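Here is how names work: the chains are called A, B, and so on, in the same order as the sequence lines, proteins then strands, and each is numbered from 1. These numbers were taken from a predicted model, which means no experiment stands behind them.
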2 protein chains.
Amino acid sequence: MPDWVDGKVYFYADSGPRRLMDLFSVKWSSMVLHALWHWPEGRARPGELQRSLQGISKKMLLQTLKELEIRGLIHRQVFQVIPPKVEYSLTPLGKTLAGPIEQLYQWGLEHRQALDEMSENRRKHTEASASGDLR
Amino acid sequence: MPDWVDGKVYFYADSGPRRLMDLFSVKWSSMVLHALWHWPEGRARPGELQRSLQGISKKMLLQTLKELEIRGLIHRQVFQVIPPKVEYSLTPLGKTLAGPIEQLYQWGLEHRQALDEMSENRRKHTEASASGDLR
DNA sequence: CTGCATCCATAACGATACTG
DNA sequence: CAGTATCGTTATGGATGCAG
């Protein structure tokens with residue numbers, strides 16, 4: 001579906017896809033969306049999310065949630081209780097995005113072995129270029 | 001498809017999806033794959049690609065291509081001529097990944113307007129927090 | 001034309017401490 | 001428990017120059 005000019009793809013100036021990938025550059029955004037999508041009842045608290053997304057820091061989780069909220073992909077519901085309680089859930093728009101993300105993750109699951117080999121190749125390669133020519 | 005433990009998703013330790021997203025953290029990798037996927041004949045030269053991926057620098061294009069080659073997602077064919085000629089194309093594995101990427105980009109196209117509003121909201125928000133309380 | 005190496009700015013990230 | 005702020009490290013990306 002790109003625009004073709006002179007037989008070349010002039011596709012990604014400030015197009016939808018490009019902006020979408022900008023969003024993905026926030027490392028954890030797709031995982032948060034994906035986790036919320038799979039969450040029972042579709043609502044999750046920050047603490048729960050952090051425990052699920054192994055390795056994410058509190059800072060990054062909150063930052064990602066804020067980012068997604070501003071962009072209208074997730075909804076933030078505050079309960080006026082002590083201690084504080086907040087629940088996040090996908091907006092209708094967020095839910096439409098969850099589909100493609102699911103597809104992508106599905107690919108990741110199906111090609112787990114290939115992905116392992118990729119990491120392996122990459123490791124070998126960087127090692128080689130690192131040690132190779134010192135003397 | 002996550003693994004559920006204690007009702008929480010312990011999904012993304014060093015799973016396929018996580019590794020996949022690592023690959024995507026190379027900003028241009030999905031666009032390069034996508035461009036090659038749409039390219040006539042499925043083979044493209046670096047120069048052509050750079051002209052198509054508006055805004056990519058030579059350095060990043062080459063780096064991305066190398067990365068994708070090492071990972072076995074694209075193939076590099078060298079022609080022994082002067083001046084040098086090289087063509088890149090998707091490997092079979094790369095082609096299977098192109099599908100999900102296409103889906104994602106499709107979403108980006110369909111929700112272009114929403115994505116515009118997202119950027120807008122983000123702009124407003126960061127402006128507000130930047131200027132808001134200085135006086 | 002393809003590819004590599006430097007230098008440099010800045011953006012992303014994590015650890016930690018602190019507030020309500 | 002939710003959220004913010006600060007600091008320091010590392011990764012990312014762009015500009016430029018050079019080589020085959």
For this session: Verify side-chain hydrogen bond (donor to acceptor under 3.5 Å, both in side chains) between A/E69 and A/H75, making sure each step is shown before the conclusion.
Result: CA-CA 6 Å; A/E69 190 202 355; A/H75 174 68; over 6 Å; no

Roughly how far, to the nearest 0.5 Å, is [atom2] of [Y] from [atom1] of [X]?
X: B/R51; Y: B/R45; atom1: CZ; atom2: CZ; result: 8.5 Å
X: B/M118; Y: A/L68; atom1: CE; atom2: CG; result: 9.0 Å
X: B/L97; Y: B/L90; atom1: CG; atom2: CG; result: 9.0 Å

If I take atom [atom1] in residue [X] and atom [atom2] in nucleotide [N], what distance separates them, rounded to the nearest angstrom?
X: A/E48; N: D/dA2; atom1: CD; atom2: C1'; value: 13 Å
X: A/L62; N: C/dG14; atom1: CG; atom2: P; value: 13 Å
X: B/M31; N: D/dT12; atom1: CE; atom2: P; value: 15 Å
X: B/I82; N: C/dG3; atom1: CD1; atom2: P; value: 15 Å
X: B/D22; N: D/dA11; atom1: CG; atom2: C1'; value: 12 Å
X: A/R76; N: D/dC1; atom1: CZ; atom2: P; value: 16 Å
X: A/Q50; N: D/dG3; atom1: CD; atom2: C1'; value: 12 Å
X: A/Q63; N: D/dA2; atom1: CD; atom2: C1'; value: 15 Å

Exercise. In terms of hydrophobic clusters joined by side-chain contacts under 4.5 Å, are A/L62 and A/M60 together?
Worked result: no

Exercise. Can you hop from B/I70 to B/M21 via hydrophobic side chains spaced under 4.5 Å?
Worked result: no

Exercise. Within the structure shown, what part of the strands sits under 4.0 Å from B/P84 by heavy-atom distance: base, sugar-phosphate, or nothing?
Worked result: base

For this session: Report which part of the nucleic acid B/F79 touches: base, sugar-phosphate, or nothing (heavy-atom distance under 4.0 Å, all strands).
Result: nothing

Problem set entry | side-chain contact (heavy atoms from CB on, under 4.5 Å) involving B/D22 - partner list, sequence neighbours excluded |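 Listed in chain order: nothing, the list is empty.
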
Exercise. If only side-chain N and O atoms of A/R45 are considered, is one of them under 4.0 Å from the OP1 or OP2 phosphate oxygen of D/dC1?
Worked result: no

For this session: Check whether any side-chain N or O of A/S25 sits under 4.0 Å from OP1 or OP2 of C/dA11, and answer yes or no.
Result: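 Result: no.
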
For this session: Go through the steps to decide whether A/R19 and B/S119 satisfy the test side-chain hydrogen bond (donor to acceptor under 3.5 Å, both in side chains), and finish with yes or no.
Result: CA-CA 8 Å; A/R19 300 205 170 185; B/S119 312; 3.1 Å; yes

For this session: Applying side chain to side chain donor-acceptor pair (under 3.5 Å) between A/W107 and each of A/Q103, A/H111, A/E110, report the one that passes.
Result: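 That would be A/H111; it is the only one of A/Q103, A/H111, A/E110 passing the side chain to side chain donor-acceptor pair (under 3.5 Å) with A/W107.
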
Problem set entry | Overall bend - the helix from C/dC1-D/dG20 to C/dG20-D/dC1, comparing terminal axes fitted on five pairs, nearest 10 degrees |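 Result, rounded to 10 degrees: 30°.
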
Exercise. In B/S/- notation, 5' to 3', how is nucleotides 14-19 of chain D contacted by protein heavy atoms closer than 4.0 Å?
Worked result: BB----

